[in-house]
There are 2 protein chains.
Amino acid sequence: MNAASSKSGSAKRGRKFDSLEQEVFLNLWRTYDRLKALEDEMFSQSGISAQQYNTLRLLRSVYPAGMPTLVLGSRLISRAPDMTRLLDKLEQRGLLVRHRPPENRRVVEVRLTPEGLQLVNKLDSAVRKCHEQQLGHLEEKSLQQLALLLKAARQPHEDSENLSLVDQ
Amino acid sequence: MNAASSKSGSAKRGRKFDSLEQEVFLNLWRTYDRLKALEDEMFSQSGISAQQYNTLRLLRSVYPAGMPTLVLGSRLISRAPDMTRLLDKLEQRGLLVRHRPPENRRVVEVRLTPEGLQLVNKLDSAVRKCHEQQLGHLEEKSLQQLALLLKAARQPHEDSENLSLVDQ
DNA sequence: GCAAGACAGTTGTCTTGACGTTTATTGTTT
DNA sequence: AAACAATAAACGTCAAGACAACTGTCTTGC
């Protein structure tokens with residue numbers, strides 16, 4: 001079936017991987033896992049999760065306007081199937097408010113409160129420092145190339161409709 | 001504080017990212033999430049999770065010998081804090097066996113059964129096809145470069161003691 | 001040889017993620 | 001206008017991940 005595809009079938013790589021594609025994916029997984037561990041540790045000191053932070057950051061980008069729940073969910077970096085409960089917690093802490101506009105009571109508009117805005121602003125420097133710790137050892141050229149390759153890697157698997165923060 | 005670091009402080013990138021490092025990490029997250037979705041879908045048809053598959057794959061690499069639980073856990077691609085329960089499920093399905101060697105009853109040796117070996121062998125082609133679908137659109141040169149950059153990105157954050165399958 | 005400490009797994013508990021179902025609201029059809 | 005389908009969000013449930021505390025097993029020092 002793939003005798004013709006010399007690319008992934010080259011017998012030179014004998015050792016641990018069935019294919020170059022597998023090697024790349026496992027490296028992606030491992031690297032994500034290691035870097036996420038650093039981020040998790042940073043966020044745990046702030047009492048907020050990475051998902052929650054990204055939610056607040058996204059809401060800040062339209063502040064003081066709001067955003068419907070589903071739009072918010074589709075624009076997050078990683079898909080979150082239970083937006084409702086994630087927003088519940090942030091609302092309980094007074095970081096955002098929800099309300100149903102009378103002209104279309106199906107949607108729920110989510111807006112950052114001044115307290116939420118203040119918190120996400122306060123976290124910025126810690127987040128930047130964390131990213132610096134994660135990847136600061138790489139040269140600028142490598143970072144740019146890595147970003148490009150990662151975008152190219154997922155490009156065929158993006159819904160063309162829902163573009164997230166990281167898409168151009 | 002970082003007026004001197006012209007690298008991440010360059011004002012040219014205004015739009016969405018505080019720094020190049022952040023852009024790379026968010027791209028890493030997003031790309032991992034998208035590619036993992038494909039893998040999850042493939043595995044859901046096999047009634048086994050990616051973590052479980054990697055556990056079996058790792059055990060195959062030493063078959064017919066076994067491996068202590070903790071060593072197994074530290075060599076997985078992503079850390080799994082509840083090895084016990086993960087192994088419980090695989091043992092219940094008859095894919096592996098555990099036993100405590102009398103000379104050191106603290107450790108638990110985990111070994112693949114012939115059934116487990118057969119299953120992981122059967123899954124190989126589906127897994128390879130999935131990785132091909134994930135990343136087959138990239139050229140070999142890009143894939144090699146991506147693997148190199150990913151390794152370099154996590155390198156300072158690896159325990160030098162516990163090297164996983166994806167480390168050289 | 002016995003108590004203190006280290007080590008390897010296990011168990012309990014709480015939080016998230018995943019996935020299907022339900023409710024409320026609106027638009028459409030007849 | 002009533003019935004029907006669609007959409008948006010909420011809810012219920014179950015499995016996975018995270019974290020802490022605990023049990024059983026060596027090892028070491030007195």
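First the proteins, then the strands, lettered A, B, ... as listed; each starts at 1. Atoms considered below: every heavy atom in the structure, side chains included; atoms not considered: hydrogens, waters and symmetry mates. Nothing here was measured: the structure is a model prediction, and the numbers come from that model.
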Item checked: 5' priority, DNA chain C, between A:Arg105 and B:Thr84 [closest heavy atom] ->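 Result of the comparison: B:Thr84.
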Calculate the interatomic distance between [X] atom [atom1] and [N] atom [atom2]; express it in whole Å.
X	N	atom1	atom2	value
B:Glu103	D:dT25	CD	P	14 Å
B:Glu91	C:dG9	CD	P	14 Å
A:Met83	C:dT16	CE	C1'	12 Å
B:Lys89	D:dG17	NZ	P	8 Å
A:Gln51	D:dG17	CD	C1'	14 Å
B:Asp33	C:dG17	CG	C1'	11 Å
A:Arg106	D:dA5	CZ	C1'	11 Å
B:Arg79	D:dC19	CZ	P	8 Å

Checklist line | Minimum-distance nucleotide (side-chain atoms of B:Arg100 versus C:dG17, C:dG9, D:dA9) | finding: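 In terms of side-chain proximity for B:Arg100, the closest of C:dG17, C:dG9, D:dA9 is C:dG9.
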Next item on the list: Choose from D:dA10, C:dT26, C:dA8 the nucleotide whose nearest atom is closest to any side-chain atom of A:Asn104.
Entry: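 Closest nucleotide to the A:Asn104 side chain: C:dT26.
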Check: Would you find a donor on one side and an acceptor on the other, under 3.5 Å apart, between the side chain of A:Arg111 and the backbone of A:Gly66?
Finding: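 Not confirmed, A:Arg111 side chain does not pair with A:Gly66 backbone.
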Notebook entry, point to check: Are B:Leu38 and A:Leu28 joined in one hydrophobic group, where the rule is that I, L, V, M, F, W and Y side chains link up if heavy atoms are under 4.5 Å apart?
Noted result: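 No, no single cluster joins them.
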Check: Without hydrogens or angle criteria, can the side chains of B:Asp124 and B:Tyr53 be said to hold a donor-acceptor pair below 3.5 Å?
Finding: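 Side chains of B:Asp124 and B:Tyr53: pair found under 3.5 Å.
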Notebook entry, point to check: Do A:Gln51 and A:Ser78 get their side chains close enough for a donor-acceptor pair, meaning under 3.5 Å?
Noted result: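 A donor-acceptor contact under 3.5 Å links the two side chains.
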Check: Start at the 5' end of DNA chain D and walk down; is the nucleotide closest to A:Asp40 or to A:Asp88 reached first?
Finding: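 The 5'-side residue here is A:Asp88.
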Notebook entry, point to check: Closest nucleotide of DNA chain D for B:Arg85 versus for A:Val108: which of these residues is on the 5' side?
Noted result: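 On the 5' side of the pair lies A:Val108.
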Next item on the list: May I ask you to decide if the ring planes of A:His131 and B:Phe25 are parallel, tilted or perpendicular, using 30° and 60° as cut-offs?
Entry: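 Because their plane-to-plane angle lies in the 30° to 60° range, the rings of A:His131 and B:Phe25 count as tilted.
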Margin query: Applying a 4.0 Å non-hydrogen cut-off, can you work out what B:Thr69 is touching in the nucleic acid: base, sugar-phosphate, or nothing?
Written below: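 Sugar-phosphate, no base atom in range.
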